[in-house]
Amino acid sequence: MDARQVPAPSWRRPSTDWRSDPPRGDVIVDVRNLHASFYTPDAEVKAVDDISFQAVRGRTLCIVGESGSGKSATARSLMQLIDYPGQISEGNILFSPGAGSAVQDIAAMEPTCEEIRAIRGRQISMIFQEPMSSLSPVHTIGNQISEVLEIHQGLKPRQTRERVIEELRRVGIPLPEERIDSYTFQLSGGMRQRAMIAMALIARPSLLIADEPTTALDVTTQAQILDLLAELKEQLGMSLIFITHDMGVVAEIADDVAVMRHGKIVEQGPVDQIFHDPQHDYTKQLLGSVQGGATSRNRRAKIERAAASPVVRERADPAITEVTERPLLSIRDLRMEFHTVAGGLFARRSKKKLEAVKGVSLDIAPGTTFGLVGESGCGKTTLGRCILRAYKPTSGQIFFDEAGREQVDLAALSERELKPYRARVRMVFQDPYGSLNPRMTVRQVVEEPLRMLDGVDSEERGERTAVMLERVGLKRSAMNRYPHAFSGGERQRIGMARALITDPSLVVADEAVSALDVSVRAQVLDLMAELQDQLSLTYLFISHDLSVVERICDDVAVMYFGDVVEQGAAEDVFERPQHPYTQALLSATPVTDPSARGTKGRLTYQP
Amino acid sequence: MVDQMNPAALEAPPTPRQMRKARAQLKFLDGTASQSQLIRRRYKSNPMAMFGLYLLCLIYFTAIFAGFLAPHSASSTSADHAYQPPQAVHFTLEDGFFIHPTESSTDIETLQRVFVEDPDVKIPLTFFATGDEYQLLGFIPADVHFFGTVDPDQRLYLLGADRAGADLLSLILYGGQISLSLGLIGVAVSLVLGIVIGGISGYFGGLTDTIIQRVIEFIMSIPTLPLWLGLAAAIPPRWGITETYFAITMILSLLGWTGMARVIRGRVLQSRGEDYILAAKLDGASHGRIILRHMMPSFVSHIIASMSLAVPAMILAETSLSFLGLGLRAPAISWGVLLQDSQNLQVVANAPWLLMPALAVVLTVIAFNFVGDGLRDAADPYGK
């Protein structure tokens, strides 16, 4: 079935006559009644549904929305880059590169014609979310950047090289003369994104479209990239359209904001108006989830609980707590080494030792939420997996001490001895898509851990699964459906049900809400807090997102390259960070208030 | 009262087929459709694959019911009709289907056999004719043929005859039984070997993996044809049809499992890194359960796809071996054995219909390839 035959191609569609009503002079892109659809064999999916907005010259327009809101499809429409089987079906995209220059309707151009190729890269450029996959791994970055120049301006090779080096210097890549000849895998994520920006900017476009350029980056790197983009925009007098799902980033960088949902723009206006006087409920909901409205309830509840329970009241004095309350989990000098191997003909020689966790000691009190924060590659996931005994730690002890049971060292147990504890310590995964087997029904997924417990027959398993699904806010009827029928948030609830069905005492939540949209994230966090109260759970909450950790955790440990550099009560760590790395991390977190922009200095940490 | 008689009320109640369709549609919408149902749906939307599937069903049907469909038994010959060309079937209203008998003679000058039709005599044909005895499905004695001469002593050559005067159509149908089943059995054996060895190699990794991979590379590096020839030549000539048949199957599958093992190892390696496999491990599932219950379903469809692409290779291998005279030998009948007759250029020039078994091979291989390609595309949700 050829889906392309279904709709009439847009470039042959008679567009409404925009020439009688040309865009204002200070508008660089005027989008009018844009529709873009994906044509699948089953149905037409409207990704962009009748939206209109204007990007004003020299300003930053943020298009904000959750996954599936059509923000990326909008951005790609602006360059006629929508992937098959999608295409623009209606509307105008009126683009005028400079004040008074000719106006062109991009929506009326064919995706492969000369005109659009002259615009792409030359007048409108784009940066993508994942620099590793949008840069070619087999060419040096210098090669890739020069290509833009070769296509658009016939410079001599030598001049081209100089221009590229200059551009790399401008985007803040140290030693550009050497880095120009490096391949993408030799650069860090932040450096790659800088190279991508250099590539986008080298032809001096008048409009830059950035599609979630910082989502794949750590907070500290994100802060640097945002600063760089703002600076370059000023220097080069560009206009910027910035696509993001993160209201914190919007507050940092936007001049104007358009909020998208289900392919429509629900609200647009200047950033101050959006943040301080939001009109639409959805905007309020988005803001609420970052400014704490929705989830601060958890924290309030936690504080109330803390006031009521004698155990936690004593925790005001840490020394007393140590004595009266035995920690549920205490880690002593835990080390985890990985050996990188190189293949010989028959034997495998170990080549290099990589220390992911370097002697970590932690105590987690029962009934609390312990936050483990750090940037990617700091060893926090490895630590979590050692506790779960997905890995066998190289050395150290993991004492697991449940009330009414014997204390055991999880690190020393054999696979067989470990079995009963697999039901006591459970995990919630980050990726709601990859962590559920697509070939198994929800019932099969959730009841799997019950199979290892003796004496649970099929009927009882089904009943417990149903009860647990209701508990996490899903319907009983979800049992017979397959994971692909659920949204990300619902899948994460299924993951929670799987973790909790054995009635565990400790749950390791590894970035459990990072892959979720902000509004869904708040719901899942609420659910986690609710279940913690009902089932007296202890959480080890691993996350790179400081705002989430600050909101829900009682204690926090900050990891940096395998070491815990700082730990303590959440209030202390976030209010009075001691270690310079913690300080740098906190200063990089976006402030969710546009009027406070620039009031906070950025700190960097160089050990 | 009249307005109650709306057209919808007059319509017949939905047939069971429509009900089934509606229920299936609902499954896709509410997410209770399993992966195999989704794959089936995608497969059905591919016309080439469906064509291949129908063709394949037809081919296997004819092989299974060869005795019933073939006008003659494989062993019935007639020296008078050696190299008889295909006969044309005529039809008139009063006589029904009939053929004219032929008279053969040898041309004195060219020494060629010449067949002359006698247009005055009509040999009547009929459906469900009584003829040679055979065993339907191997155990039901029968003598009714789908199509044949009314008089069991008359002979019918729709696709011509070979040098012994046996009906080529019947031979092709009987030959299909061996050629087609050999492909399936051979692939089944190499599949079992491939799953076990490839699964172990991928799941446990490390030294086990390295050793298995080196062995596979060694086997793959041996030139195939000389190795087949060597092994096939080692089969004692006094062995009967059945023994030779199994020996050839074993030789082909013992050398054919390597590709399958690599495919499965790759899939196991890939799914070993999935989050849901780690989840299963943390759920306390055993190694066997993880491989069979958690990993296997995700690549069963790929296995079936690569299997259906391996069957034609197996059939072709048997055909080439037999063609070279080193596989099955007469009186066994396979497509390769039948093609031995066409080794002689002169024979092919005089009796080109002897190449008909090659057509059967081509049709089967194409059908398997269509099915395999269709399955592969349907099993990959990200393909276009």
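Only a predicted model underlies this, so the values are computations on that prediction, with no experimental measurement involved. Here is how names work: the chains are called A, B, and so on, in the same order as the sequence lines, proteins then strands, and each is numbered from 1.
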Are the side chain of Arg439(A) and the backbone of Arg293(B) linked by a donor-acceptor contact shorter than 3.5 Å? no

Query raised in the report: Under 3.5 Å, is there a donor-acceptor pair between the side chain of Asn437(A) and the main chain of His294(B)?
Result: yes

Do you know the tightest heavy-atom contact between [X] and [Y]?
X	Y	result
Arg426(A)	Asp283(B)	NH2-OD1, 2.7 Å
Tyr276(B)	Pro438(A)	CE2-CD, 3.7 Å
Ala279(B)	Ser435(A)	CB-O, 4.4 Å

Just wondering, more than 12 heavy atoms not from [X] lying within 6.0 Å of its [atom1]?
X	atom1	value
Lys44(B)	NZ	no
Tyr60(B)	OH	yes
Met48(B)	CE	no

Under 4.5 Å to a heavy atom of chain B? For Leu388(A) that would be both

| Does Arg389(A) reach the side chain of Leu282(B), with side-chain heavy atoms less than 4.5 Å apart? |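 No. Closest side-chain heavy atoms not under 4.5 Å.
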
Hey, are Arg289(B) and Glu448(A) close enough for a salt bridge, meaning a charged N less than 4.0 Å from a carboxylate O?
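Salt bridge present between Arg289(B) and Glu448(A).
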
Only pairs under 3.5 Å count here: list side-chain donor-acceptor contacts from residues 187-202 of chain B, not counting sequence neighbours, and write none if there are none.
residue, atom, partner, partner atom, Å
Ser190(B), OG, Gly186(B), O, 3.1
Ser190(B), OG, Val187(B), O, 3.2
Ser201(B), OG, Asp209(B), OD1, 2.4
Ser201(B), OG, Gln213(B), NE2, 3.1

- Measure the spacing between CG of Leu278(B) and CE of Met427(A) and express it to the nearest 0.5 Å.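 If I round to the nearest 0.5 Å, the distance is 6.0 Å.
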
Atom pair NZ/OG of Lys419(A) and Ser286(B) - distance to nearest 0.5 Å:
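Here the interatomic distance stands at 6.5 Å.
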
